[in-house]
Amino acid sequence: LGLSWPVRIQAVGLGEVTLAQPLRTDVRADWQPTLYTLEALSGVGVEHLALKFPDTEYAGHLNEPGYNGVFFEDGVVDSWVRGLSFHNADSGLLVDDLTKHITGQQLSFTGRQGHHGLNIAHTHDGLYTDLVFDAYFVHHMTVDHRASGNVFSRVSGEGQPIHLDHHRDSPFENLWTAIRGEADLINGGSWCAGPPSGARSTFWGLEAPLIPPYWAHVQTNMVGPSTADQDELSEHGAWIERMDEVQPRNLHLAQRAQRLGLSYEDTGLGEDPPDPAADPTCGCKGGPAAGLGSVLLGLLALRRRRHGVS
């Protein structure tokens with residue numbers, strides 16, 4: 001199982017290279033890791049558009065003709081999609097190979113049924129927030145193919161459960177927070193691609209009780225309303241902590257404020273306060289979700305120590 005992970009190089013010294021953010025995985029010399037230059041596009045934005053496809057019936061799962069919206073792949077970084085509506089889309093936003101620091105914000109989905117609302121694959125440290133699903137999708141939001149460090153927040157569905165689809169091939173260390181309404185972890189993907197998720201998928205403060213997945217043992221973190229009969233607080237396995245109200249409610253905004261040294265107040269009730277780090281140009285330098293993994297794991301480690309787990 002290989003992993004291609006775009007990352008900025010901060011410094012090069014005698015016999016060493018310093019990366020701009022911590023590694024997400026072990027790297028051992030006998031694995032023969034390779035550094036290479038990524039010739040990537042950056043600063044690409046698609047804003048304030050309505051993408052409307054023909055009023056046809058849904059062709060069926062895996063029979064879609066390809067009425068798709070926006071697709072980033074093959075080396076796109078520090079880029080964004082904002083203020084788009086997708087009507088009758090088979091798939092709305094697709095993000096794939098060698099992409100990083102992609103922001104999808106203020107996206108709405110209407111019309112007939114589709115396949116993927118979002119399909120986030122082979123991509124890292126993205127932010128997908130303020131999403132409204134009026135249309136039904138087989139997979140509302142998908143992570144797969146080793147996607148890591150991505151944040152999904154402030155998502156709502158009109159009268160339907162939102163499928164937080166972990167589509168196999170080891171997506172890992174992705175955060176789902178401030179999800180409004182009912183959500184589930186019904187997943188798709190081919191059985192030959194392995195378990196639905198890799199380590200440290202994190203679900204924080206979802207509004208409705210969430211059913212723990214059968215793959216929770218791979219260091220899955222679930223904090224908030226849950227259908228579980230009891231807590232399970234394991235350092236090396238599942239961390240399921242049942243709480244009716246979670247504070248901060250939006251873990252991503254609280255962590256980012258802490259990392260940037262900004263003040264942030266979240267009572268856990270009502271709407272989120274304004275984002276203190278909001279940038280109308282999308283904050284592409286460094287990316288809106290950069291550094292998520294190290295802060296996320298640090299806060300969860302603190303929670304475990306408070307419960308006497310070491």
What verdict does the side-chain contact (heavy atoms from CB on, under 4.5 Å) test give for E64 and S91, after you've listed the backbone C-alpha separation in whole Å, the side-chain angles of each residue and the deciding distance to 0.1 Å?
CA-CA 9 Å; E64 298 89 351; S91 293; over 6 Å; no
Q.
side-chain contact (heavy atoms from CB on, under 4.5 Å), that's the test. Do N250 and R256 meet it? Break it down for me.
A. CA-CA 10 Å; N250 191 317; R256 184 146 63 106; over 6 Å; no
Show your reasoning for whether salt bridge (charged side-chain N to carboxylate O under 4.0 Å, His left out) applies to E173 and R200. CA-CA 5 Å; E173 291 187 359; R200 294 176 293 280; 2.6 Å; yes
- Show the numbers, then the answer: is there a side-chain contact (heavy atoms from CB on, under 4.5 Å) between H140 and L131? CA-CA 10 Å; H140 290 90; L131 315 178; over 6 Å; no
Could you give me the CA-CA distance, side-chain angles and deciding distance for E57 and Q113, then say whether side-chain contact (heavy atoms from CB on, under 4.5 Å) is met?
CA-CA 8 Å; E57 292 186 2; Q113 177 179 336; over 6 Å; no
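Between the CH2 atom in W204 and the CG atom in N221 there is a gap of 9.0 Å [rounded to 0.5 Å]. For the atom pair NE2 (H139) and CD1 (I162), the distance works out to 14.0 Å, reported to the nearest 0.5 Å. If you take NE2 on H101 and CH2 on W80, they are separated by 14.5 Å, rounding to the nearest 0.5 Å. Rounding to the nearest 0.5 angstrom, the gap separating the CG atom in L93 from the CG atom in L51 is 10.5 Å. The structure places CG of D78 at 11.5 Å from OG1 of T99, a figure rounded to the nearest 0.5 Å. With rounding to the nearest 0.5 angstrom, the CD atom of Q105 is 7.0 Å from the CZ atom of R154.
Looking at D134, D130, V132 one by one, the single match for side-chain contact (heavy atoms from CB on, under 4.5 Å) with S156 turns out to be V132. Between H163 and the choices F137, F133, Y136, the ring pair (Phe, Tyr, Trp, His ring centres under 6.0 Å) rule is met once, by Y136. D165 pairs with exactly one of N187, T142, N119 by the side-chain hydrogen bond (donor to acceptor under 3.5 Å, both in side chains) rule, that one being T142.
Between the side chain of S79 and the main chain of V77, a donor-acceptor pair closer than 3.5 Å is present. A side-chain donor-acceptor contact under 3.5 Å links R146 to the backbone of G2. A donor-acceptor pair under 3.5 Å links the side-chain atoms of H166 to the main chain of L164, judged by distance alone. With hydrogens and angles ignored, the 3.5 Å screen pairs no side-chain donor or acceptor of R180 with any backbone N or O of E207. A donor-acceptor pair is defined here as one N or O able to donate and one able to accept, closer than 3.5 Å; no such pair exists between the side chain of D144 and the backbone of D169. The main-chain N or O of Y128 is never found under 3.5 Å from a side-chain atom of N150 such that the two would form a donor-acceptor pair. A donor-acceptor pair is defined here as one N or O able to donate and one able to accept, closer than 3.5 Å; no such pair exists between the side chain of Q255 and the backbone of L253. Between the side chain of D231 and the backbone N or O of L233, no donor-acceptor pair lies under 3.5 Å. Without hydrogens or angle criteria, H145 side chain to H122 main chain gives no donor-acceptor distance under 3.5 Å. A donor-acceptor pair under 3.5 Å is formed between the side chain of N88 and the backbone N or O of P54.
Within the 4.5 Å cutoff, side-chain heavy atoms of H87 are placed close to those of D55. L98 has its side chain within reach of S4: a pair of non-hydrogen atoms, C-beta onward, lies under 4.5 Å apart. Side-chain contact between Y58 and D90 is present, with at least one heavy-atom pair separated by less than 4.5 Å. Residues S226 and P212 form a side-chain contact, since some pair of their non-hydrogen atoms from C-beta on lies under 4.5 Å apart. Taking the side chain as every heavy atom from C-beta outward, T227 and R242 never approach each other to under 4.5 Å. For the pair Q21/V7, a side-chain contact is recorded, criterion being any heavy-atom separation below 4.5 Å from C-beta on.
The environment of CD1 in I211 is sparse: at most 12 heavy-atom neighbours from other residues, nucleotides or ligands sit within 6.0 Å. By the 6.0 Å contact criterion, CH2 on W191 is open, its count of non-hydrogen atoms from other residues, nucleotides or ligands being 12 or less. Within a 6.0 Å radius of CG in D229, other residues, nucleotides and ligands contribute 12 heavy atoms or fewer.
Taking all atoms of both residues into account, the shortest heavy-atom contact from P248 to A254 is CG-CB, 3.5 Å. Shortest non-hydrogen contact noted between G117 and F109 is O-CE2, 3.6 Å. Considering all non-hydrogen atoms of both residues, A121 and A147 come closest at CA-CB, 4.2 Å. Nearest heavy-atom pair, Y67 versus P65, reported as atom, atom and distance to 0.1 Å: CE1-CG, 3.6 Å. Residues P213 and M222 come closest through the heavy atom pair CD-SD, 3.6 Å. Of all non-hydrogen atoms in S148 and R24, the two that sit nearest each other are OG-CD, 3.2 Å.
I240 and W215 fall within the same hydrophobic cluster, defined by Ile, Leu, Val, Met, Phe, Trp and Tyr side-chain heavy atoms under 4.5 Å apart, directly or through other members. Hydrophobic clustering (ILVMFWY, side-chain heavy atoms < 4.5 Å, transitive): I102 and V46 are in one cluster. If you chain together hydrophobic residues whose side chains sit under 4.5 Å apart, L23 and V12 fall into the same group. A continuous path of Ile, Leu, Val, Met, Phe, Trp and Tyr side chains, each step under 4.5 Å between heavy atoms, connects V95 with L49, placing both in one hydrophobic cluster. Under the 4.5 Å side-chain heavy-atom criterion for Ile, Leu, Val, Met, Phe, Trp and Tyr, L19 and V27 are members of the same hydrophobic cluster.
In the model, T129 has a side-chain atom that pairs as donor or acceptor with a side-chain atom of S153 under 3.5 Å.
Note on ring orientation: taking the six-membered ring where Trp is involved, the planes of W5 and H124 are perpendicular (angle over 60°, cut-offs 30° and 60°). Note on ring orientation: taking the six-membered ring where Trp is involved, the planes of W176 and F203 are parallel (angle under 30°, cut-offs 30° and 60°).
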